Q: 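Would you mind keeping the following structure in view while I ask a few things?
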Amino acid sequence: MTDKSTQPRVLIFDTTLRDGEQSPGATMTHDEKLEIAASLDEMGVDIIEAGFPIASEGDFAAVSEIARQAKSAQICGLARANFKDIDRCWEAVKHAKRPRIHTFIGTSPLHRAIPNLTMDQMAERIHETVTHARNLCDNVQWSPMDATRTEHDYLCRTVEIAIKAGATTINIPDTVGYTAPRESADLIRMLLERVPGADNIIFATHCHNDLGMATANSLAAVEAGARQIECTINGLGERAGNTALEEVVMALKVRNDIMPYRTGVDTTKIMAISRRVATVSGFAVQFNKAIVGKNAFAHESGIHQDGMLKNRETFEVMRPEDVGLSGTSLPLGKHSGRAALRAKLKDLGYDMADNQLNDAFVRFKALADRKKEVFDDDLIALIHDSATAAAHDTLQVKRLRVVCGTDGPQEAELTLSIEGVDHSIDATGDGPVDAAFNAVKMLYPHKARLQLYQVQAVTEGTDAQATVSVRLEEDGNISTGQSADTDTIVASVRAYVNALNRLIVRREKAEMGYDTKGISYRDQS
């Protein structure tokens, strides 16, 4: 095994609080920025780009406070290529133990046209602004925005000017996500070969994900000699976002055989900060997102589940624990096989013979065809014979009539069989479903709280059958119920009553010695 102390270090530069916050709608509050910065510092990020101090008073205040509170990370602020921006940036970051000024200007033909500068005029501005920044701070980063679409000769010229002016880090941005991995690597190699003084500074890479290649481009640049990766949590950023911190860090960790580099990031904190950033930014993580998506360590296919039960390495290249998860998830659905069903039922306390399992498997498949995911409560009810289970339910819907419309209040007349005895009542509510649920509560008082009420049309048209799902919570126990009917209100009440019946089953199982919250058997001996 390679000694990590001899491996080249790759610095992780996180710009979630600057570039990430530029995602439309992802604005964070002052306290949220401080919280995220503290988490980044704690997980071992080398440089935190805390914001754009000149942008607003709020941004300046956040960068200043983050600079004061940072314990280990370098704190960086962004500044355009003018003295006012750079001075404001320095005022914000100077309180940090390790401050950094990051200044930039667009060098491609398209970006040079915006300020209407000639190549020589832009070269002079780069020299003046980088020199000014270096006179304030000995840690200066410079970026030629849209570097990947800048003429190579001019890019080399501007990078050399920035180095001579005192820049200690040169960042090469793929601002519009246009480049490809081979081009990304070639660009870094060219700069290292052609630019005087290039071997005395750190080259960084900042890749956008417009074509879905940000992480690949960043890793290719590292293989070519870049030693800093700019990234964001969950890949947040302008348009399609940036290189995702979790992706590059885990790629370097898992594929250390072909990319022998090390970082100081504590990967076990990745999942926690990913979820927190998703919450404060308002940007939910897509289920199939690499590393941090809900499905990243979930296996539903029967073949995959069987393989995972025998050896987790058959379908996982990293451990969930490495990113802060407790373990692998084996959700049950229509693709699941007998092995996964047997394992799940055993976890629920049911050790079934082959004939019993085969019978349960047939009914499980029928249920899974109607539901995207089968919950534990579904399985608890499933193992009872379907022909007799309904007859033995504590609660059964006998009759329902609702009155709704613009003239309120809405009413429900319900007859409910409770342990074989019919009871009837009239109730009102805010809509027909609420009225019907109120009627159930009046006939069968309980403390269960409605967590989920979901209606889905099975087919198109006004006569479509509606499938209703209900999830209840009582004293930490979760119970689900489902029913389908062309009458949505009827399906709703039946689903609600089904969930209540499953709560009753849970109570009975608890009395038999099962932990119905964790779904594990408690030894009573």
Side-chain angles (χ1 to χ4, degrees), residues 11 13 15 18-19 46-55 59-60 63-64 67 74-109 111-147 150-173 175 187-188 190-192 194-206 226-228 230:
L11 302 176
F13 178 112
T15 183
R18 199 277 299 171
D19 199 330
D46 298 283
I47 306 104
I48 300 172
E49 189 165 57
F52 200 164
I54 197 72
D59 232 30
F60 178 85
V63 175
S64 298
Q74 299 178 41
I75 302 301
C76 177
L78 186 67
R80 292 167 297 191
N82 64 69
F83 289 3
K84 183 178 179 181
D85 271 39
I86 293 169
D87 289 342
R88 188 65 168 165
C89 181
W90 174 241
E91 284 298 313
V93 302
K94 69 179 182 181
H95 307 288
K97 294 178 181 178
R98 305 169 67 194
R100 174 182 290 198
I101 295 174
H102 178 193
T103 184
F104 73 98
I105 194 169
T107 55
S108 70
H111 284 264
R112 292 198 302 267
I114 296 173
N116 195 27
L117 295 176
T118 66
M119 287 183 173
D120 289 341
Q121 289 171 331
M122 179 166 286
E124 181 61 27
R125 178 173 295 185
I126 292 167
H127 171 74
E128 292 175 349
T129 52
V130 174
T131 298
H132 183 68
R134 183 55 192 265
N135 287 336
L136 297 171
C137 181
D138 61 4
N139 185 353
V140 175
Q141 175 170 314
W142 179 74
S143 294
M145 187 165 62
D146 205 20
T150 300
E151 307 93 330
H152 285 188
D153 287 345
Y154 189 61
L155 182 62
C156 289
R157 178 185 173 188
T158 56
V159 168
E160 181 180 357
I161 290 170
I163 292 173
K164 288 181 177 178
T168 52
T169 299
I170 300 294
N171 176 49
I172 303 301
T175 304
L187 194 59
I188 296 295
M190 180 202 70
L191 292 169
L192 284 167
R194 290 181 54 181
V195 176
D199 54 346
N200 296 321
I201 56 95
I202 292 174
F203 275 100
T205 180
H206 179 117
R227 288 297 174 262
Q228 177 180 297
E230 299 203 358

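By convention here, the first residue in the shown sequence is residue 1. In this text, all values refer to a predicted model and were calculated from it rather than measured experimentally.
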Q: Give, for atom CG of Asp19 and atom CD of Glu230, the distance between the pair rounded to the nearest 0.5 Å.
A: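 Between atom CG of Asp19 and atom CD of Glu230 there are 8.5 Å.
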
Q: For the residue pair Arg88 and Phe52, would you count it as a cation-pi contact if the rule is NZ or CZ under 6.0 angstrom from the ring centre and within 45 degrees of the ring axis?
A: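 No cation-pi geometry.
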
Q: Which heavy atom of Gly77 sits nearest to which heavy atom of Val93, and what is that distance?
A: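 Here Gly77 and Val93 meet closest at N-CG1, 3.6 Å.
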
Q: Working to the nearest 0.5 Å, report the span between CD of Gln228 and CD1 of Ile201.
A: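 The distance works out to 10.0 Å.
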
Q: Regarding Glu49 and Thr15, do their side chains bring together a donor and an acceptor under 3.5 Å, going by distance alone?
A: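 There is such a pair between these side chains.
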
Q: Going by the side-chain contact (heavy atoms from CB on, under 4.5 Å) test, name the single residue among Ile163, Ile202, Asn200, Asn139 that passes it with Thr168.
A: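 Passing option: Asn139.
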
Q: If you compare all heavy atoms of Leu136 against all heavy atoms of Asp87, which two are closest, and at what distance to 0.1 Å?
A: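 Where Leu136 meets Asp87 most closely, the heavy atoms are CD1-OD1, 3.6 Å.
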
Q: Does atom CZ of Arg125 have more than 12 heavy-atom neighbours from other groups under 6.0 Å away?
A: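 No, because the 6.0 Å sphere around CZ of Arg125 holds 12 heavy atoms or fewer from other groups.
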
Q: Flag the pair Arg98 and Asp138 as a salt bridge only when some basic side-chain nitrogen lies within less than 4.0 angstrom of an acidic carboxylate oxygen.
A: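 No, no charged N to carboxylate O under 4.0 Å.
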
Q: Is the closest side-chain heavy-atom distance between Met119 and Arg157 below 4.5 Å?
A: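 A side-chain contact under 4.5 Å exists here.
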
Q: Compare every heavy atom of Ala67 with every heavy atom of Ala92, then report the nearest pair and how far apart it is.
A: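 Heavy atoms of Ala92 and Ala67 come nearest at O-CB, 3.6 Å.
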
Q: Name the orientation class of the two ring planes belonging to His102 and Phe13 (parallel below 30°, tilted from 30 to 60°, perpendicular beyond 60°).
A: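 If you compare the ring of His102 with that of Phe13, the planes turn out perpendicular.
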
Q: Contact between Trp142 and Val159 at the side-chain level, heavy atoms closer than 4.5 Å - yes or no?
A: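 In short, these two side chains touch, coming nearer than 4.5 Å.
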
Q: Can you find a heavy atom in the side chain of Thr103 that is under 4.5 Å from one in the side chain of Ile86?
A: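 Yes - at least one pair of side-chain heavy atoms lies under 4.5 Å apart.
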
Q: Any side-chain heavy atom of Ile105 sitting closer than 4.5 Å to one from Met145?
A: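 Sidechains of Met145 and Ile105: no contact.
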
Q: Applying side-chain contact (heavy atoms from CB on, under 4.5 Å) to Thr169 and Arg100, what does each step give before you reach the verdict?
A: CA-CA 10 Å; Thr169 299; Arg100 174 182 290 198; 3.7 Å; yes

Q: Can you tell if the side chain of Arg194 reaches within under 4.5 Å of the side chain of His152, non-hydrogen atoms only?
A: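 In contact.
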
Q: For residues Cys156 and Leu191, report the shortest heavy-atom separation together with the two atoms involved.
A: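 That closest heavy-atom pairing would be SG-CD2, 3.9 Å.
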
Q: State, yes or no, whether a side-chain contact exists between Arg134 and Thr131 at a heavy-atom distance under 4.5 Å.
A: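 The answer is no; the side chains never approach within 4.5 Å.
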
Q: Output yes when Arg112 and Glu151 qualify as a salt bridge under the 4.0 Å nitrogen-oxygen rule, no when they do not.
A: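 Answer for the salt bridge query: yes.
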
Q: Would you check if the side chain of Thr175 reaches a backbone N or O of Asp146 as a donor-acceptor pair within less than 3.5 Å?
A: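 Flag set: sc Thr175 to bb Asp146 pair under 3.5 Å.
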
Q: I need the Phe104 CZ to Leu78 CG distance, nearest 0.5 Å.
A: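 It is 5.0 Å, given to the nearest 0.5 Å.
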
Q: For residues Leu187 and Leu155, report the shortest heavy-atom separation together with the two atoms involved.
A: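 The answer is CD1-CD2, 3.9 Å.
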
Q: How far apart are the closest heavy atoms of Ala123 and Tyr154, and which atoms are they?
A: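 Smallest interatomic distance, heavy atoms only, reads N-OH, 3.6 Å.
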
Q: Would you check if Arg80 and Thr129 make a side-chain contact, meaning some heavy-atom pair closer than 4.5 Å?
A: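 In short, these two side chains do not touch, never coming nearer than 4.5 Å.
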
Q: What distance do Ile101 atom CD1 and Cys76 atom SG have between them, rounded to the nearest 0.5 Å?
A: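 These two atoms lie 8.5 Å from each other.
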
Q: Atom CZ in Phe203, atom CG in Leu192: separation rounded to 0.5 Å?
A: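 Reported to 0.5 Å precision, the distance equals 5.0 Å.
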
Q: Between Asp85 and Ala79 (side chain of the first, backbone of the second, donor and acceptor by atom type, cut-off under 3.5 Å), is there such a pair?
A: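 Answer holds: no.
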
Q: Between the side chains of Thr107 and Thr150, is a donor N or O closer than 3.5 angstrom to an acceptor N or O?
A: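 On atom types as modelled, these side chains qualify, holding a pair under 3.5 Å.
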
Q: Starting at CG of Asp59, measure out to SG of Cys89 and round the result to the nearest 0.5 Å.
A: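 Nearest 0.5 Å value for the CG-SG distance: 10.5 Å.
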
Q: Any Lys/Arg nitrogen of Asp46 or Arg227 sitting under 4.0 Å from an Asp/Glu carboxylate oxygen of the other?
A: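 Answer for the salt bridge query: no.
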
